[in-house]
Visitor: 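Please see the structure below; I have some questions.
These numbers were taken from a predicted model, which means no experiment stands behind them.
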Amino acid sequence: KIAINFKGEGWISNMRVKDMDIRSNNTRILAYGNVVGLPYIKNTYFNIVIKDVSCSYNDFISQRLGTILSKVHLPKIIERLGEVELSGKFKGMINNFATNLLVSCQEGELNINAKGLTPNNSNLTTYSGEINSTRIDIGSLINNSMLGGTTLMADFSVCGKSMNDLKGELKGNLNDFFFKGNTYNAVTVNGQVNGKEVNANLKVNDNYINMDLDGKVGFNGNLAFDVEAKINNANLHKMNIVSFADTNALISANVRANCS
């Protein structure tokens, strides 16, 4: 059962949406704004304020969403987010837009500033922007007690319709990153996705460890990976990884692992 309350004025081609309220079970959408250009959706300009979108994993899978959306299978990790609330703005056309969103859930908050662009001679949309979070609990999200909360600042870009043509890049910094009882404040991540191959670099520069790790993972048929890490002055005792009689013992090493 879906309840829709809509208040607007103007013509279909130039409409002012005063208030839109859509509710179904515990899912709700509250928004207002202006829409110019309908019914030609590709030429329609949207200037929408999203007051509130609220939904959960259980709400999504319980809806009768039709033949298209019913084929969207959300990963179970989404269930750990609990109730997800979203607010923000959407401005532009379907093939060229900008959006600013605040996403809140029981694991933390994310601020997303993003743009989407589909060139006239292409059917692929490139999404790019930045993500900021003052606190997100990675450990709870992936159900790993060794990890905890962190702050996040990252730039991203992604394009593609499937794993075969997917291209993406992420550059980010983690601060207040919790791992096995310690907090690390200088962690950088740089990753690229090209089809079924992922390349990533992780750097940690902290009092307990200096590490520079490069990794490559392939998903062509069988899983394959190649990882190389340069570790300097790692205090495994204070990192709560290994207990040594000498609590100030430091370890430096070059490590290489691969599987194909």
Side-chain angles (χ1 to χ4, degrees), residues 2-24 27-57 59-61 63-75 78 81 84-105 109-132 154-171 192-195:
I2 299 177
I4 301 175
N5 185 4
F6 180 87
K7 295 180 182 179
E9 62 181 17
W11 301 94
I12 290 294
S13 59
N14 189 354
M15 183 184 303
R16 179 189 175 198
V17 180
K18 293 183 176 181
D19 185 51
M20 182 177 68
D21 186 344
I22 302 175
R23 299 173 185 260
S24 177
T27 299
R28 65 180 182 274
I29 301 173
L30 304 175
Y32 66 90
N34 296 284
V35 181
V36 179
L38 289 174
Y40 307 104
I41 190 66
K42 289 185 178 181
N43 298 320
T44 299
Y45 183 85
F46 298 87
N47 187 357
I48 302 296
V49 175
I50 305 167
K51 294 169 61 178
D52 183 37
V53 175
S54 179
C55 189
S56 69
Y57 174 89
D59 289 340
F60 184 89
I61 63 175
Q63 304 297 322
R64 295 184 177 182
L65 300 170
T67 57
I68 297 178
L69 288 180
S70 64
K71 296 179 181 179
V72 178
H73 298 290
L74 297 180
I78 301 297
L81 296 176
V84 178
E85 294 193 356
L86 181 150
S87 61
K89 297 179 180 179
F90 181 97
K91 185 179 291 187
M93 306 173 75
I94 294 298
N95 61 353
N96 188 358
F97 64 85
T99 184
N100 172 256
L101 301 172
L102 173 63
V103 183
S104 303
C105 65
E109 289 186 349
L110 289 175
N111 275 296
I112 303 172
N113 291 302
K115 296 180 179 180
L117 177 63
T118 307
N120 292 330
N121 58 350
S122 174
N123 62 352
L124 294 177
T125 301
T126 297
Y127 303 95
S128 61
E130 59 183 27
I131 301 173
N132 292 283
D155 297 322
F156 71 90
S157 176
V158 63
C159 176
K161 286 188 172 182
S162 68
M163 281 297 296
N164 293 324
D165 59 13
L166 182 66
K167 294 182 182 296
E169 184 174 8
L170 177 73
K171 295 181 179 179
Q192 298 85 34
V193 177
N194 188 359

Visitor: Mind checking side chain to side chain donor-acceptor pair (under 3.5 Å) for Asn132 and listing every partner two or more places apart, or none if nothing turns up?
Guide: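 Asn132 satisfies side chain to side chain donor-acceptor pair (under 3.5 Å) with no other residue.
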Visitor: Enumerate the salt bridge (charged side-chain N to carboxylate O under 4.0 Å, His left out) contacts for residues 86-95, please, sequence neighbours excluded, ordered by first and then second residue.
Guide: none
Visitor: Can you confirm whether Arg28 sits close enough to Val53 that some side-chain heavy atom of one is under 4.5 Å from a side-chain heavy atom of the other?
Guide: no
Visitor: Less than 4.5 Å apart, side chain to side chain, heavy atoms only: is that true for Thr126 and Val158?
Guide: no
Visitor: How long is the gap from CD1 on Ile50 to CD1 on Ile29, to the nearest 0.5 Å?
Guide: 9.0 Å
Visitor: Could you tell me whether the side chain of Val84 reaches within less than 4.5 Å of the side chain of Val103, counting heavy atoms only?
Guide: yes
Visitor: What do the steps show when you test Asn113 against Ile131 for side-chain contact (heavy atoms from CB on, under 4.5 Å), and what is the final call?
Guide: CA-CA 7 Å; Asn113 291 302; Ile131 301 173; over 6 Å; no
Visitor: Anything under 3.5 Å between a donor and an acceptor, one on a side chain of residues 33-45, the other on a protein residue two or more places apart or in another chain? List them.
Guide:
unit_1 : atom_1 : unit_2 : atom_2 : d
Thr44  : OG1    : Gly37  : O      : 3.4
Thr44  : OG1    : Leu38  : N      : 3.3
Thr44  : OG1    : Tyr40  : O      : 2.7

Visitor: Going by ring-ring contact (aromatic ring centres under 6.0 Å, His included), name the residues that satisfy it together with Phe90, two or more places apart in sequence or in a different chain.
Guide: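 Once residues adjacent in sequence are excluded, the partners of Phe90 under the ring-ring contact (aromatic ring centres under 6.0 Å, His included) criterion are Phe97.
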Visitor: How would you list all residue pairs meeting salt bridge (charged side-chain N to carboxylate O under 4.0 Å, His left out) that involve residues 9-22, not counting sequence neighbours?
Guide: Glu9-Arg16, Glu9-Lys18, Asp21-Arg23
Visitor: Could you tell me which residues satisfy side chain to side chain donor-acceptor pair (under 3.5 Å) with Gln192, sequence neighbours excluded, listed by chain and number?
Guide: Asn190
Visitor: Taking C-beta and beyond as the side chain, do Ile112 and Thr99 meet within less than 4.5 Å on heavy atoms?
Guide: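 Contact flag for Ile112/Thr99 side chains = no.
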Visitor: Using salt bridge (charged side-chain N to carboxylate O under 4.0 Å, His left out), reason through Lys171 and Glu130 one step at a time and then give a plain yes or no.
Guide: CA-CA 9 Å; Lys171 295 181 179 179; Glu130 59 183 27; over 6 Å; no
Visitor: Are more than 12 heavy atoms, taken from residues, nucleotides or ligands other than Tyr32, located less than 6.0 Å from that residue's OH atom?
Guide: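 Check fails, neighbour count at 12 or below.
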Visitor: Under a 3.5 Å threshold, yes or no: a donor from one side chain and an acceptor from the other, between Thr118 and Thr125?
Guide: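 Yes, a side-chain donor-acceptor pair sits under 3.5 Å.
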Visitor: Taking C-beta and beyond as the side chain, do Asp52 and Ser87 meet within less than 4.5 Å on heavy atoms?
Guide: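 The answer is no; the side chains never approach within 4.5 Å.
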